[in-house]
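Structure first, then comments.
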Amino acid sequence: MCGIVGILGRHEVAPLLVEALKRLEYRGYDSAGIATVNQGRLDRRRAVGKLINLSDRLVHEPLAGKAGIGHTRWATHGAATEANAHPHRAGPVAVVHNGIIENFRDLRAELAAAGYPARTETDTETVALLAQMFIDRGLPPVQAAQQTLHRLHGAFALCFLFEGEDDLIIAARKGSPLAIGHGEGEMYVGSDAIALAPLTDRITYLEEGDWALITRAGATIHDAAGRLANRPETRIQIDSARIEKAGYRHFMAKEIAEQPVVLADALRHYAGAEGSLRLPADMDFSRVDRLVLVACGTAGYAGQVAKYWFEQIAGLPCDVDIASEFRYRDPVLSPASWAVFISQSGETADTLAALRHARDRVARIVAVVNVPTSSIARESDVVLPILAGVEVGVASTKAFTAQLMMLALMALKAGVDRGRLDAAGLAAHLDALRALPGLMNHALGLERDIARLAENLAEAQDILFLGRGAMFPLALEGALKLKEISYIHAEGYASGELKHGPIALIDARVPVIVLAPRDALFEKTVSNMQEVMARHGRVVLLSDAAGIEAAGQGIWRALRLPETTPLAAPILYAVPAQLIAYHTAIAKGTDVDQPRNLAKSVTVE
Ligand code: G6P
């Protein structure tokens, strides 16, 4: 899983390729590379690690040329070495690839027997070798690429560049997204429109099975059956300025701080001041018999929180599934149910595959996404953009709370449609949500206390997060955030479940972070905290003033949050959970925005 880019330009392309790759680094940063054709000659530069290493190499070993392709890698097949870095070259062909070639072992054996042995551990190299073999057999580059594509199984986005061809890129999409950009006498191709945003806002998306012959004069697109395909050109709006750190030390810090504004904007967009909801008119939950929420990672935890809301507020039965499990376990889906796919990027391969599985089995497919031009959005019946703006930090923050906001509004709509929520009830919930941006600012004000606490947390080997009700999935999210960026082992548990096993882990070295606003379940959580403290566990209580007061003696640290309602609490408490992860990572000196082994958008299964 990786980011790819290609440019047929009027000027030197190396700096532009690197700039575009910078915008794709969220897809992986194990290695990076570019290849260009300069006066007919194909050449490449690659470097292990982040893009900066490639930039440094290009300073000493520049690469000239006005046609080129580039790649930033998240390793699947083969370690993060220079030999395994893309572009992969075989004779007159260079290839960049996002996805997995599933039949690469068979192809590799066949190629070796034909005199084209592999030199790397990657699946991608077989693509370059196949194209080389077809060229050696006398096929021109375009036909060689076409024949190569016929032989590939799996999910991929590919770009081919050829020796001797200054005005040709072949691009193909099967499973992994690819966008073609149109310039003035220039053409571009990239894994997403964001990568191309500084170059053009005129985008054509390739569809499943398409391949495109790209020259500076334009792109000729063919569908899976080889017929000419007419794919529309759209103008996209991407505010490049928002992809800056704006004075913050990390994107994650900026994105945490943006949350009050993001949520206020989303509310203005989706809820009228007079207490009404502005969701699509045909989104009527009254006849829906069941909801299934499907997502991965942080988006999955947003779904788990929303399950409590849909069931409590709207009486609507709700299942939550991890996308990678959903389609392989033969889920029993009611034809009157709706399936909701939650994804920041809208490109997560598991979530997209789950969507396709659900396609003809449910009444409606709903997308809750941050990128409205994404594959998941484009394949859904109803799209609800969460309006969080570009999220760069690999650990999702503002997209999580914006997903929660969107799902809360959907649950309220479901409550109204199903006669469970009257106008006064809706107005009260909306008031609580409208108070959230202000309350979040209070929560952000805890940052200094949290930074001090994090100095201690950074020394822990294991940290537990506890929560009850809708705060339980938030405990899972708090633990995920912490392990993602601080590399400390952390687990989230339902408070009541602690005594059924995890309590064996507790001793004086294990901090236990309890997310517990003073609500109907609070007393029970206090009992669970007592169980921890009786075993010398160090309790960090996140609660409101009443909760901290009621919790009594023995708590190691308390963080006081403003009072809020059960609907708004998981959204508010996400902020200190994020700050705990952020400052613990800072205290440990890890790479906050690009933690090891992770990628922001996971486009392989
Ligand atoms: C990756 C990211 C997570 C994210 C998950 C789902 O694993 O590291 O932060 O939650 O993908 O991504 P999506 O774009 O579908 O929300």
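Just so it is clear, the model here is predicted, and its values are computed rather than measured. Just follow the structure's listing: the first ligand is 1, and inside any ligand the first atom is 1.
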Look at [atom] and say which protein heavy atom is nearest, naming residue and atom and giving the distance to 0.1 Å.
atom	answer
atom 9 (O) of ligand 1	V394 O, 3.5 Å
atom 11 (O) of ligand 1	K600 O, 3.8 Å
atom 14 (O) of ligand 1	S345 OG, 2.6 Å
atom 6 (C) of ligand 1	C296 O, 3.5 Å
atom 7 (O) of ligand 1	V602 CG2, 3.7 Å
atom 8 (O) of ligand 1	A599 O, 3.1 Å

Report yes if some N/O of T348 lies less than 3.5 Å from some N/O of ligand 1; otherwise report no.
-> yes

Do any nitrogen or oxygen atoms of T298 come within less than 3.5 Å of a nitrogen or oxygen of ligand 1?
-> yes

Residue pair V382 / M283, side-chain heavy-atom distance below 4.5 Å = yes

Per-atom contacts, ligand 1 versus [X] - under 4.0 Å to a heavy atom:
X	value
A299	10 (O), 16 (O)
S343	13 (P), 14 (O), 15 (O), 16 (O)
Q344	13 (P), 14 (O), 15 (O), 16 (O)
E484	8 (O), 9 (O)

Rounded to the nearest 0.5 Å, what separation is found between the CG atom of D123 and the NE2 atom of H97?
-> 5.5 Å

Shortest non-hydrogen contact from T200 toward G181 = CG2-CA, 3.7 Å

Pi-cation contact, Y29 with R73 (under 6.0 Å, within 45°) = no

Look at the aromatic rings of Y582 and H250 and report parallel, tilted or perpendicular, splitting at 30° and 60°.
-> perpendicular

Plane angle bin for H86 and H71 - parallel if under 30°, tilted between 30 and 60°, otherwise perpendicular | parallel

With respect to Q259, which candidate in T397, T401, N441 satisfies the side chain to side chain donor-acceptor pair (under 3.5 Å) definition?
-> T401

Considering the options Q344, E484, Q578, E391, which one meets the side chain to side chain donor-acceptor pair (under 3.5 Å) requirement together with S396?
-> E391

Check if E347 has a non-hydrogen atom at a distance under 4.0 Å from any atom of ligand 1.
-> no

Does ligand 1 have an atom that lies less than 4.0 angstrom from a heavy atom of A395?
-> no

Lys/Arg-Asp/Glu bridge criterion (N-O < 4.0 Å) met for R235, D201 | yes

